[in-house]
Undergrad: 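If you scroll down you'll find the structure; I have some questions about it.
Both ligands and their constituent atoms are indexed starting at 1 by order of listing. Position 1 is the first residue of the sequence, and the numbers go up from there.
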Amino acid sequence: MINKLIPVQPSCSDFDPNSLSVSQATTQINTLIATASESLKITERTSCRNAFGRVLAQDIIATFSTPPYDNSAMDGYAISAQDIPKSDTSNVNIIGTSWAGKPFNGEVKKGECIRIMTGAKMPQGADTVIMQEHVIKNDNSITINTGHCARQNVRYIGEDIKVGDTVLTVGKNIGPAELGVLASMGLAEVSVFRKLRIAIFSTGDELRGVGEPLEDGQIYDSNRYTLYGLLQKPYIELLDMGVIPDIKSEIELAFEQAANVADVVITSGGVSVGDADYVKETLEKIGSINFWKIAMKPGRPLAFGKINNATFFGLPGNPVSVIATFSQFALPAIRALAGQTKTKNTNYHIKCTTELKKRAGRVDFQRGYLSADDTGQLSVSVTGLQASHILSSMSYSNCFIILPEDSTHIAAGTIVEVQPYNEWFF
Ligand code: AMP
Ligand code: MG
């Protein structure tokens, strides 16, 4: 007899009418954090060097131009373009030297030149630099050939930045180039957003910390280490709150404590429908949390919402699901909460050299390896087993291959969307 109470799920599709698409989840997250990010916009002053990796909280307007004066791009001789011969050669007298940091104060007239070093200020009357390799040096003069262009080898005032230009804007993450720009503007201090405080937990009775012996049925807590690595950013202050056992009262206490000290609380595990998955009922009691089944693989269950003022992400327990949901949902939210301006999507479309297997109904984040051949052509291939507990294959891969919800079997040679992991490093 057929038992009518057993729900039937077609095995050829992962379509679930109760699940949320990746883009729907992203939209809901964006809506909720839009209000939270305003209240976090507290700024602080920091020294130029300590601003590295932080999020800029002020526009940087140039108070002077750079280069601040016309200067030589070469080691050579500064002349007036009138002295470039039209035919034959011309001879010009050397009347002085302009060093970087020690300019020549006189004026260069027709028939004259000065010796000039790279970066040295151009003297009055000169507008052209002839490279030293392109002249014949006599005792007190040089001989110049034809073939030079007027105004060559000169770097002009304001070519890089003009006074009044906005060189950096609020929300910019300060990387090495930005640090250099700040220093070139002579700024010893800048305004940055205060660090975002993020608390992380693992949940599960089976979890042991590294260095402890494992008993039967136990595993090491790897998620907290992965999250620790993913959250090592100068704009984050990380609070590692350890492992919480699957005990309701302890989960509740830990979540309340975390929400009191952190702007964002991230947990892993306990958000599924198992008998020891108490995260859900705890959050329903103390916060306003959504529990979503997301149409993605790996990473189906995700809890998202608020406990008091803290934004809460309850990531799934499986190690690869943690990385997938963190990178796609938590990290973009964290960047926004930290004050960063959203950067453009940098996913690539690249040819995949291997065949990919997939069911319709979910977006797949398959682990791939992106590489260039000897001619510099990029391609991607899939790396081994794709189950959400196979953490080692994350380490063999360097990108996610993102396959759309409705796609099924993907033949070798197909162009696929690729997200390099190094996108997560800032
Ligand atoms: P859960 O959602 O708590 O049922 O966890 C799903 C799977 O992920 C189980 O196999 C857990 O043992 C595993 N898991 C949960 N948390 C961690 C963790 N912190 N480190 C490694 N594996 C974990
Ligand atoms: Mg668990």
Side-chain angles (χ1 to χ4, degrees), residues 14 16 18-20 25 198-232 238-255 257-258 262 264-287 289-305 312-331 362 365 367 385-397 424:
D14 275 347
D16 177 348
N18 297 319
S19 68
L20 219 57
I198 303 186
I200 55 171
F201 287 107
S202 291
T203 69
D205 280 342
E206 74 280 32
L207 304 175
R208 285 293 164 276
V210 295
E212 290 176 29
L214 279 189
E215 282 167 32
D216 195 24
Q218 298 181 335
I219 58 169
Y220 286 116
D221 169 15
S222 65
N223 290 344
R224 219 155 32 92
Y225 287 81
T226 309
L227 286 172
Y228 173 87
L230 287 163
L231 290 163
Q232 286 307 302
L238 188 62
L239 310 159
D240 183 345
M241 307 194 80
V243 179
I244 329 169
D246 293 318
I247 299 169
K248 273 188 226 177
S249 57
E250 294 210 22
I251 294 176
E252 185 172 333
L253 185 69
F255 283 8
Q257 282 173 343
V264 179
V265 179
I266 302 178
T267 67
S268 67
V271 287
S272 341
V273 290
D275 290 345
D277 292 336
Y278 298 127
V279 171
K280 186 169 178 194
E281 57 179 278
T282 307
L283 290 171
E284 272 165 350
K285 187 173 160 199
I286 65 167
I289 311 281
N290 308 283
F291 295 89
W292 295 330
K293 273 195 259 175
I294 298 184
M296 69 186 279
K297 189 185 165 200
R300 183 165 279 210
L302 180 74
F304 169 71
F312 182 92
F313 283 93
L315 308 182
N318 272 310
V320 184
S321 308
V322 166
I323 300 177
T325 50
F326 176 86
S327 59
Q328 306 311 307
F329 303 113
L331 182 58
R362 296 210 238 174
F365 290 82
R367 282 143 268 176
L385 291 178
Q386 294 294 324
S388 54
H389 63 289
I390 311 285
L391 185 55
S392 59
S393 74
M394 268 319 291
S395 148
Y396 303 142
S397 59
W424 310 335

Undergrad: Just by modelled atom types, is the Tyr278 backbone N or O under 3.5 Å from a matching donor or acceptor in the Asp246 side chain?
TA: no
Undergrad: side-chain contact (heavy atoms from CB on, under 4.5 Å) for Leu231 and Ile266? Distances and angles first, verdict last.
TA: CA-CA 11 Å; Leu231 290 163; Ile266 302 178; 4.3 Å; yes
Undergrad: Should Ile198 and Leu227 be marked as a side-chain contact (heavy atoms from CB on, under 4.5 Å) after you check the CA-CA gap, both sets of side-chain angles, and the distance that decides it?
TA: CA-CA 11 Å; Ile198 303 186; Leu227 286 172; over 6 Å; no
Undergrad: Quick check: does any side chain N or O of Ser268 sit under 3.5 Å from a backbone N or O of Gly314, one acting as donor and the other as acceptor?
TA: no
Undergrad: Would you mind listing each N/O atom of ligand 1 next to any protein N/O under 3.5 Å, plus the distance?
TA:
{"from": "ligand 1", "atom 1": "2 (O)", "to": "Gly270", "atom 2": "N", "distance (Å)": "3.3"}
{"from": "ligand 1", "atom 1": "2 (O)", "to": "Ser272", "atom 2": "OG", "distance (Å)": "3.1"}
{"from": "ligand 1", "atom 1": "3 (O)", "to": "Gly270", "atom 2": "N", "distance (Å)": "2.8"}
{"from": "ligand 1", "atom 1": "8 (O)", "to": "Gly317", "atom 2": "O", "distance (Å)": "3.2"}
{"from": "ligand 1", "atom 1": "8 (O)", "to": "Asn318", "atom 2": "N", "distance (Å)": "3.2"}
{"from": "ligand 1", "atom 1": "12 (O)", "to": "Glu206", "atom 2": "OE2", "distance (Å)": "2.5"}
{"from": "ligand 1", "atom 1": "14 (N)", "to": "Gly317", "atom 2": "O", "distance (Å)": "3.3"}
{"from": "ligand 1", "atom 1": "16 (N)", "to": "Asn223", "atom 2": "ND2", "distance (Å)": "3.4"}
{"from": "ligand 1", "atom 1": "19 (N)", "to": "Ser202", "atom 2": "OG", "distance (Å)": "3.4"}
{"from": "ligand 1", "atom 1": "19 (N)", "to": "Asp221", "atom 2": "OD1", "distance (Å)": "2.7"}
{"from": "ligand 1", "atom 1": "19 (N)", "to": "Asn223", "atom 2": "ND2", "distance (Å)": "3.3"}
{"from": "ligand 1", "atom 1": "20 (N)", "to": "Ser222", "atom 2": "N", "distance (Å)": "3.0"}
{"from": "ligand 1", "atom 1": "20 (N)", "to": "Asn223", "atom 2": "N", "distance (Å)": "3.4"}

Undergrad: Between the main-chain N or O of Pro245 and the side-chain N or O of Asp205, is there a donor-acceptor pair closer than 3.5 Å?
TA: no
Undergrad: Answer with yes or no after comparing the ring centroid distance for Phe312 and Phe255 against a 6.0 Å cut-off, counting only values under it.
TA: yes
